[in-house]
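Right, one structure below, let's go through it.
Each chain gets a letter, A, B and so on, in the order its sequence line appears, and its residues count up from 1.
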There are 2 protein chains.
Amino acid sequence: MKPKLTLKNIAKELDVSISTVSKALRDSPEIGEETREKIKAFAKHYNYKPNNIALSLKNRKTKTIGIIIPEIVHHFFTTVISGVEKVANEMGYNVFVCLSDNSFDKEVLNMEMLANGSTDGFILSLAKETMQKADYHHLVEAINQGMPLVLFDRVVDEIACDKVIIDDVNGGKKAVQYLVDCGCKNIALISTVDYVSVGKLRTHGYKQALVENNIEINEDLILKIEQIENSEVEIEEFLKNKKVDGVFAVNEHFAISAIKTIQEQGKKVPDDVSVIGFTDGELSKRFIPSLTTVSQHGTRMGEESARLLIEKLERTPTENDYYKTIIVETELVTRNSTKSKK
Amino acid sequence: MKPKLTLKNIAKELDVSISTVSKALRDSPEIGEETREKIKAFAKHYNYKPNNIALSLKNRKTKTIGIIIPEIVHHFFTTVISGVEKVANEMGYNVFVCLSDNSFDKEVLNMEMLANGSTDGFILSLAKETMQKADYHHLVEAINQGMPLVLFDRVVDEIACDKVIIDDVNGGKKAVQYLVDCGCKNIALISTVDYVSVGKLRTHGYKQALVENNIEINEDLILKIEQIENSEVEIEEFLKNKKVDGVFAVNEHFAISAIKTIQEQGKKVPDDVSVIGFTDGELSKRFIPSLTTVSQHGTRMGEESARLLIEKLERTPTENDYYKTIIVETELVTRNSTKSKK
DNA sequence: TTTCAACACGAAAACGTTTTCGTCGCAGCA
DNA sequence: TGCTGCGACGAAAACGTTTTCGTGTTGAAA
């Protein structure tokens with residue numbers, strides 16, 4: 001194991017000073033051609049790579065961004081990471097990935113871990129627990145420290161920062177409108193509890209669509225699920241003895257559980273009941289019947305988030321600054337769990 | 001935006017020297033009780049956190065490990081990350097996640113990015129292209145530089161390092177044996193081209209199981225898929241007019257495509273044909289019929305990899321060192337795509 | 001009174017860079 | 001000869017830590 005090649009080593013080897021080596025490698029005109037060539041040749045031959053840590057310390061920036069997500073075993077977040085990675089790498093940044101496991105404490109811990117100089121800024125989707133507690137002091141602190149922050153998907157109005165969201169209301173509306181257009185009269189909603197902002201918003205969209213179509217909102221047709229683990233039975237209970245011909249679920253799992261239940265009741269999807277999910281994952285694509293869903297374009301959200309963050313990082317703070325919110329359009333991907341439009 | 005709190009700032013504020021502050025915070029007995037308390041109180045009040053970058057530079061270790069995976073939008077790799085994250089965090093490490101997109105060049109680039117001091121070591125699953133080219137110079141280089149490396153899943157004999165794999169041969173064998181036990185006589189294999197080591201090994205297992213059960217190997221019943229994108233049609237072509245009563249697919253996508261095709265042919269799964277997949281993802285669980293699969297225990301692989309790496313990092317290099325290969329047992333998860341055993 | 005340990009603290013080096021500011025030698029000029 | 005200017009390089013500070021090695025002040029022992 002050879003000792004790591006440093007400027008100092010090169011300098012000693014070539015009998016010049018450290019500064020000369022540094023300048024030569026950065027093509028400074030201060031250095032004579034001969035010396036420069038010699039140094040560059042040597043560096044290349046021994047594959048010199050400047051030490052990133054030292055650079056980070058010197059420049060007081062790490063060229064690293066952190067992303068904290070509630071859970072990685074979730075296709076949507078995975079696509080977001082993939083988007084972040086892509087533009088981050090293109091711009092010469094590294095990505096720290098941290099998982100909060102939907103726990104407030106882990107989220108705070110992760111932020112502390114990343115905020116002590118390891119990253120220049122971060123991208124975050126709030127943990128469920130955090131939204132529940134509505135405790136955002138760690139975010140405020142980070143921002144006060146001058147750490148740029150981009151919130152995506154699970155965002156919160158209380159925090160002033162850049163945000164990337166989808167139009168959940170509109171997405172929900174689109175879905176329900178489509179169901180209406182397919183001729184559905186009794187449309188059920190399977191959502192989450194209200195402190196998960198996306199659940200709330202999609203519920204809004206559901207209601208708006210109904211209102212706009214002069215369909216009465218029937219609270220009996222709305223299910224709010226608390227624990228994902230228990231969702232299957234809850235959905236089964238919920239759909240039992242209900243006369244519905246359309247179901248809008250706020251994620252693909254709920255949608256699939258609904259389809260299962262419906263089929264077990266001897267009804268057909270989409271002939272008897274049309275089902276639409278949210279979040280376009282592998283499951284939606286390959287399930288039989290394949291699922292009509294509202295796609296969130298996770299990759300695009302990741303890309304936009306990263307771009308937003310890096311933009312802010314590379315701008316001099318003196319420039320007039322304000323916070324942007326980027327809304328990534330949702331898209332209704334129609335497949336086989338819905339009847340065709342009338 | 002307050003200036004970042006550093007030892008120097010504290011020292012000036014409290015009119016002591018930097019070293020005194022540092023020592024006080026680290027509870028050195030050198031410092032008098034009174035001063036120590038004063039400093040600690042001050043630091044706590046203003047929420048002082050030592051700068052990680054400076055620490056990394058000083059200690060010449062970053063407490064960071066990198067993981068490079070071929071694709072993140074793949075449930076198996078996601079679970080691995082999750083496992084790595086878990087034990088890394090427990091041991092006070094951060095995790096850099098990089099994606100090679102199955103490209104050799106991106107893999108090399110990622111390694112260079114991480115090897116210049118950013119990480120203490122890494123965990124890697126080889127890109128498809130890398131295995132195809134069989135060019136491992138970047139791995140050798142990293143190892144020579146003294147960078148510990150753990151290979152997982154897609155490993156390669158040529159490189160001497162720690163490895164975490166599953167027993168693909170045995171996994172394949174288990175699956176096929178199970179099919180045989182269910183009474184299947186004509187068992188097809190849907191695999192990948194041979195340079196993907198796991199495909200090759202699982203194929204081995206398939207053959208072994210057949211041999212052990214005195215069933216003749218029929219090459220016509222073996223499909224090797226080159227391009228994932230085209231797999232559906234290939235599988236459809238392949239299964240057309242074939243009299244099979246069992247299918248072993250080396251991943252869940254192939255398995256599901258097979259089921260689709262079989263059903264379209266008017267046959268029933270599992271009544272007419274039993275199907276087993278590999279890799280236990282969301283798809284397997286929720287598909288109808290739910291898929292019997294060979295589970296790879298991705299989380300455990302991630303955990304083992306991280307443990308292996310960190311162990312090596314924290315051991316003094318003088319100790320007697322050798323490379324381990326950990327084999328994570330596969331597990332046959334029986335669900336509804338197979339008949340019950342006779 | 002002198003000496004010496006114990007105590008409490010500070011100076012400085014080191015990690016690997018970049019960059020500012022010398023400084024030295026030499027050529028050109030009056 | 002004596003200046004000036006310039007080309008080519010080196011010294012040193014700085015980024016924020018930790019740690020080794022002083023150093024000055026005590027109090028007590030001789």
Side-chain angles (χ1 to χ4, degrees), chain A residues 2-40 42-43 46-64 92 114-120 145-147, chain B residues 2-40 42-43 46-64 92 115-120 145-146:
Chain A
K2 26 183 177 177
K4 187 74 182 126
L5 197 57
T6 71
L7 289 186
K8 201 199 281 189
N9 289 335
I10 301 183
K12 201 185 307 173
E13 209 65 38
L14 262 42
D15 213 41
V16 291
S17 82
I18 297 180
S19 11
T20 304
V21 179
S22 174
K23 287 174 195 162
L25 293 178
R26 324 198 88 234
D27 280 324
S28 157
E30 273 187 67
I31 305 301
E33 178 140 7
E34 197 185 350
T35 342
R36 194 188 332 152
E37 288 310 324
K38 183 179 64 177
I39 292 175
K40 291 184 90 167
F42 186 93
Y46 289 103
N47 191 29
Y48 168 76
K49 290 272 171 5
N51 179 311
N52 227 325
I53 297 293
L55 282 179
S56 296
L57 184 59
K58 183 106 223 336
N59 303 330
R60 278 127 121 230
K61 53 171 100 172
T62 60
K63 284 273 194 177
T64 297
L114 297 184
N116 58 20
S118 303
T119 55
D120 297 339
Q145 270 186 29
M147 270 269 184
Chain B
K2 24 182 178 176
K4 187 71 181 129
L5 198 57
T6 70
L7 289 187
K8 201 197 283 190
N9 290 334
I10 301 183
K12 202 186 306 173
E13 208 65 38
L14 262 42
D15 214 43
V16 290
S17 81
I18 297 181
S19 12
T20 305
V21 180
S22 175
K23 287 174 196 163
L25 293 178
R26 322 198 89 234
D27 279 323
S28 158
E30 274 187 68
I31 306 301
E33 178 140 6
E34 196 185 351
T35 346
R36 195 190 329 153
E37 288 310 323
K38 183 180 65 178
I39 292 174
K40 291 183 90 168
F42 186 94
Y46 290 103
N47 190 27
Y48 168 77
K49 290 272 170 2
N51 180 309
N52 227 327
I53 297 294
L55 283 179
S56 296
L57 185 58
K58 183 103 219 339
N59 303 330
R60 277 126 124 235
K61 56 171 96 172
T62 61
K63 286 270 192 180
T64 296
N116 58 22
S118 303
T119 56
D120 297 338
Q145 270 186 29

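The phosphate of D:dT17 (OP1 or OP2) has no side-chain N or O of B:S22 nearer than 4.0 angstrom. Phosphate proximity of D:dA14 to A:R60: absent, as no side-chain N or O sits under 4.0 Å from OP1 or OP2. Not one side-chain nitrogen or oxygen of B:R36 sits closer than 4.0 Å to the OP1 or OP2 atom of C:dA8. For the pair A:Y48 and C:dT17, the criterion of a side-chain N or O lying under 4.0 Å from OP1 or OP2 is met.
Residues B:I18 and B:V21 form no side-chain contact, since every pair of their non-hydrogen atoms from C-beta on lies 4.5 Å or further apart. A:M147 has its side chain within reach of A:T119: a pair of non-hydrogen atoms, C-beta onward, lies under 4.5 Å apart.
Taking each heavy atom of A:K4 and A:K49 in turn, the nearest pair found is NZ-O, 4.4 Å. In plain terms, the two heavy atoms of A:S118 and A:T64 that are nearest each other are O-CB, 3.7 Å. Residues B:P50 and A:N116 share a closest heavy-atom pair of O-CB, 3.7 Å. The minimum heavy-atom distance linking B:S56 with B:T62 is given by the pair OG-CA, 3.6 Å.
With hydrogens and angles left out, the side chain of B:K8 and the base of D:dT17 share no donor-acceptor pair within 3.5 Å. Between the base of C:dT17 and the side chain of A:K58 there is no donor-acceptor pair shorter than 3.5 Å.
Look at CG on B:N52: it is 15 Å from C1' on D:dC15, rounded to the nearest Å. Between the CG atom of B:N59 and the P atom of D:dT17 there is a distance of 12 Å, rounded to whole Å. The separation between B:N116 atom CG and C:dG16 atom P is 13 Å, rounded to whole Å. One can place CG of B:N51 at 10 Å from P of D:dT18, the figure rounded to the nearest angstrom. One atom, CD1 of B:I31, and another, P of C:dA11, lie 13 Å apart when rounded to the nearest Å. Taking atom CD1 on B:I18 and atom P on D:dG16, their separation rounds to 10 Å, with Å as the unit. Residue B:K61 contributes atom NZ, which lies 14 Å from atom P of D:dT18 at whole-angstrom precision. The NZ-P distance, from B:K49 to D:dG16, rounds to 17 Å in whole Å.
When heavy atoms are screened at a 4.0 angstrom cut-off, A:S56 is found touching no nucleic acid atom at all. At the heavy-atom level, B:S19 lies under 4.0 Å from base atoms of the strands shown. B:L55 comes within contact range of the sugar-phosphate backbone alone, with a heavy-atom separation under 4.0 Å but no base atom that close.
Judged purely by atom type and a 3.5 angstrom limit, A:N51 uses its side chain to pair as donor or acceptor with the backbone of A:I53.
Each end of the helix from C:dT1-D:dA30 to C:dA30-D:dT1 gets its own axis, taken as the rotation carrying the C1' atoms of four end pairs onto the next four within a five-pair window, and the two axes meet at 90° to the nearest 10 degrees.
Near DNA chain D, defined here as any heavy-atom distance below 4.0 Å, the residues from residues 10-17 of chain A are A:V16, A:S17, listed numerically.
Residue whose closest nucleotide on DNA chain D sits further toward the 5' end, between B:L57 and B:T20: B:L57.
Rounding to the nearest 0.5 angstrom, the gap separating the OH atom in B:Y48 from the CD1 atom in B:I39 is 11.5 Å.
If you check D:dT19, C:dT20, C:dA8 against the side chain of B:K23, the one that comes closest is D:dT19. Among C:dT20, D:dT17, C:dT17, the nucleotide with an atom closest to any side-chain atom of A:T6 is C:dT17.
Few gaps surround NZ on B:K38; more than 12 heavy atoms of other groups in view lie less than 6.0 Å from it.
Of the candidates A:L14, A:L25, A:I10, A:I31, A:T20 forms a side chain to side chain contact (heavy atoms under 4.5 Å, CB included) with just one, namely A:I31.
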